[in-house]
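One structure below.
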There are 2 protein chains.
Amino acid sequence: MKIEEEIKQSTFKSEYQKAHINLIYTSGWVQQAQAALFKPFGVTLPQYNVLRILRGQYPKPATISLLIERMLDKTSNASRIVDKLEAKELVTRKQCPADRRTVDVLITEKGLALLKEMDELESGEGTGITNLTEQEAEQLSDLLDKIRK
Amino acid sequence: MKIEEEIKQSTFKSEYQKAHINLIYTSGWVQQAQAALFKPFGVTLPQYNVLRILRGQYPKPATISLLIERMLDKTSNASRIVDKLEAKELVTRKQCPADRRTVDVLITEKGLALLKEMDELESGEGTGITNLTEQEAEQLSDLLDKIRK
DNA sequence: TTATGTTAGTTGTTTGAACAATGATTCTTA
DNA sequence: TAAGAATCATTGTTCAAACAACTAACATAA
């Protein structure tokens, strides 16, 4: 549905304003769809992202700093997110011997298995992205990249 | 920056997966930029959205249900968001005489004035959307509309 | 080596979000 | 019109996010 109908506003000041509001709106829309997909697996989006980063590092461990750096939510709830993941036995945390200030966070077999299950989700199925053609998906990526420049 | 570099993942299973992850990522990115812009005005994104809806209705009042319906966060924090707005004197709330179950929520002069100030923000300035050409912005809107179909 | 500063991570605290349950009013229909 | 169902809004409660303060460990330099 066109954004105009969606939010019952027929005119915008510019294409920029329209795209901007559309992005905010769709962003919320997708995040909700995402959350619904995630719920059965018992992890939130930030937790999932941390798991993904850890898999990227595997079998090397990651420090909390590295997680924060990659997480985009630069505000450091990283410690607490790792708390949650640790409680679910999806990661382990142990002090690094070389630098005792830092912590080695490592994804467990259980964590890897969960991610493997969840890989199916990443296809975009269920979040509307597959309403696009492959070429359009590519176009979208390019536009988004440009926004974050 | 390309999403591959942004999240340090060089390959994706498909253009869909790539666009999907890119959308989630960019969505968070934009929301953060947005929150930063909003902070000086003392309202959060959901509060702002409610104010926008109320302005759309003005001078008619809106019920809480109508707010929920338009808000996309269908989970009803609407009451509490209105609480916050009322505390800041940006809206008024009074029981509707015709149906005493419902509440008439109305934006105040102060609320309208605040929105007027904030209209500047909606141009997209400061959230990266203006990195696009006008035509690209239009293209983006179309793609997003298609996703939510 | 010891004082100073820096970095890493954790822990409070306040604030808002998510979800469910409740209470009040209206609608429906027998 | 009286009883049960449905609707509207509010209120608990739990959970996560934002921001700042704090502790421990390392680095630097006098």
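Scanning all heavy atoms of the two residues, the minimum distance from B/Val30 to A/Ile24 falls at CG1-CD1, 3.6 Å.
Remark: the A/Thr92 side chain and the A/Glu86 side chain contain no N/O donor-acceptor pair separated by less than 3.5 Å. There is no side-chain donor-acceptor pair under 3.5 Å between B/Gln95 and B/Arg101.
Evaluation of atom-type donor-acceptor distances gives no pair under 3.5 Å for the side chain of B/Arg100 against the base of C/dT25.
The side chain of A/Val103 sits closest to C/dG9 out of C/dG9, D/dC19, D/dC8. Of the listed nucleotides (C/dG16, D/dA16, C/dG9), C/dG16 has the atom at the smallest distance from the side chain of B/Thr44. Of the candidates C/dA17, C/dA8, D/dA18, D/dA18 carries the atom nearest the A/Arg80 side chain, counting heavy atoms from C-beta on. In this structure, of C/dA18, D/dC19, C/dA8, it is D/dC19 that holds the atom nearest to the side chain of B/Lys39. Of the candidate nucleotides D/dA9, C/dC19, D/dA16, D/dA9 has the atom lying nearest to any side-chain atom of B/Thr63. Taking every side-chain heavy atom of A/Arg101 into account, C/dA8 is the closest of D/dT10, C/dA8, C/dG9.
Rounding to whole angstrom units, CG of residue B/Leu67 and P of D/dC8 are separated by 13 Å. In this structure, A/Asn77 places its CG atom 15 Å from P of C/dA17, rounding to the nearest Å. For B/Gln32 and D/dC19, the CD to P distance is 9 Å, given to the nearest whole Å. One interatomic measurement links the two molecules: CG of B/Asp83 to C1' of C/dG16, which rounds to 12 Å at whole-angstrom precision.
In this structure, A/Lys84 does not reach the D/dA17 phosphate: none of its side-chain N or O atoms is under 4.0 Å from OP1 or OP2. Look at A/Arg93 and you won't find any side-chain N or O under 4.0 angstrom from OP1 or OP2 of C/dG9.
Heavy-atom distances to DNA chain D give each of B/Ala62 and A/Cys96 a nearest nucleotide, and the one nearer the 5′ end belongs to B/Ala62. In this structure, A/Pro46 and A/Pro97 both approach DNA chain D, and ranking their closest nucleotides by distance from the 5' end singles out A/Pro46.
The closest donor-acceptor contact from the side chain of A/Asp104 to the backbone of A/Lys94 lies at 3.5 Å or more, if one exists at all.
Nucleic acid contact for B/Asp99: sugar-phosphate only, since backbone atoms but no base atoms lie under 4.0 Å from a heavy atom of the residue.
Look at A/Lys13 and B/Asp119 and you find no salt bridge, because none of the NZ, NE, NH1 or NH2 atoms lies under 4.0 Å from a carboxylate O.
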